[in-house]
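One structure below.
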Amino acid sequence: MTLLTTIAAFAVTIGILITFHELGHYLVARLCGVKILRFSLGFGKPIFIYKRKNDPDATEWAVSALPLGGYVRMLDARDPACLPIKPEDKNREFGAKNVWQRFAIVAAGPFANLLLAVLLYASIFMIGSTQPTPVVAEPPAGTPPWLDSMPATRF
């Protein structure tokens, strides 16, 4: 049962890390005005796709077959699947943003992971954790450690 628990804990941990990483890219891209086509947890063929009813961008929220990563697919002129780009979406394309906005979008994923680590460590230090108390038994009589533990006045 320990192996299954370890595998499940690993899957949950990786899932949380991937989600925060991709949410970092997603949120900063939305703040910069980039149109998001798909937010996917995992790679490969989507297993599950959800579209909100009132979303003007029709962003697809997907869970894909290979759970070892994820991606945020943005409107980009370099992607042949995005062509032709509608005239009203020209300024919402990733390549149309200035270099600082593109840098912020790309750096937002690792920054989100760093922020998650800081928050988790801070919560551990604030809440605390139980640690085993180090208890050492009395060394056997006549051994060097036993002799070292004796007060100097006994000799």
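Values reported hereafter were calculated over all heavy atoms of this structure, with side chains retained and with hydrogens, waters and symmetry mates removed.
- Not a single donor-acceptor pair under 3.5 Å links the side chain of E93 to the backbone N or O of D76.
- Here F125 is tied into one hydrophobic group with Y121, each link being a pair of ILVMFWY side chains closer than 4.5 Å.
- Partners of T130 under the side-chain contact (heavy atoms from CB on, under 4.5 Å) rule, at least two apart in sequence or in another chain, do not exist in this structure.
- Qualifying side-chain contact (heavy atoms from CB on, under 4.5 Å) partners for Y71, counting only residues two or more places apart in sequence or in other chains: R38, S40, F43, R73.
- Applying the side-chain hydrogen bond (donor to acceptor under 3.5 Å, both in side chains) test to K35 and every residue at least two apart in sequence or in another chain returns D89.
- Note on L41 and L23: same hydrophobic cluster, where clusters join Ile, Leu, Val, Met, Phe, Trp and Tyr whose side-chain heavy atoms are under 4.5 Å apart, directly or indirectly.
- By the side-chain hydrogen bond (donor to acceptor under 3.5 Å, both in side chains) test, N91 pairs with no residue at all, sequence neighbours left out.
- Residues meeting the side-chain hydrogen bond (donor to acceptor under 3.5 Å, both in side chains) test with R30, sequence neighbours left out: Y26.
- Note on V118: it does not cluster hydrophobically with M126, by side-chain heavy-atom contacts below 4.5 Å among ILVMFWY residues.
- Every residue two or more places apart in sequence or in another chain that forms a side-chain contact (heavy atoms from CB on, under 4.5 Å) with Q101 is listed here: C32, K97, N98.
- Partners of Q131 by side-chain hydrogen bond (donor to acceptor under 3.5 Å, both in side chains), not counting sequence neighbours, listed by chain and number: S129.
- Proximity of a side-chain donor or acceptor of N113 to a complementary backbone N or O of L17 within less than 3.5 Å is detected.
- Taken together through direct or relayed side-chain contacts under 4.5 Å among Ile, Leu, Val, Met, Phe, Trp and Tyr, I49 and V63 form parts of separate hydrophobic clusters.
- Judged as a side-chain contact (heavy atoms from CB on, under 4.5 Å), and not counting sequence neighbours, P80 has no contacts.
- Note: F20 CZ to L27 CG = 10.0 Å, rounded to the nearest 0.5 Å.
- Side-chain atoms of D79 come within 3.5 Å of backbone atoms of A81 as a donor-acceptor pair (strictly under, hydrogens ignored).
- Among pairs with a residue in residues 80-105, none fulfils ring pair (Phe, Tyr, Trp, His ring centres under 6.0 Å), at least two apart in sequence or across chains.
- With sequence neighbours excluded, the residues that form a salt bridge (charged side-chain N to carboxylate O under 4.0 Å, His left out) with K51 are E60.
- Between the side chain of H25 and the main chain of V72, no donor-acceptor pair closer than 3.5 Å is present.
- Residue pairs meeting the side chain to side chain donor-acceptor pair (under 3.5 Å) criterion with at least one partner in residues 7-17, sequence neighbours excluded, do not occur; the list is empty.
- Grouping the Ile, Leu, Val, Met, Phe, Trp and Tyr side chains by contacts below 4.5 angstrom, directly or via other members, places Y50 with I36.
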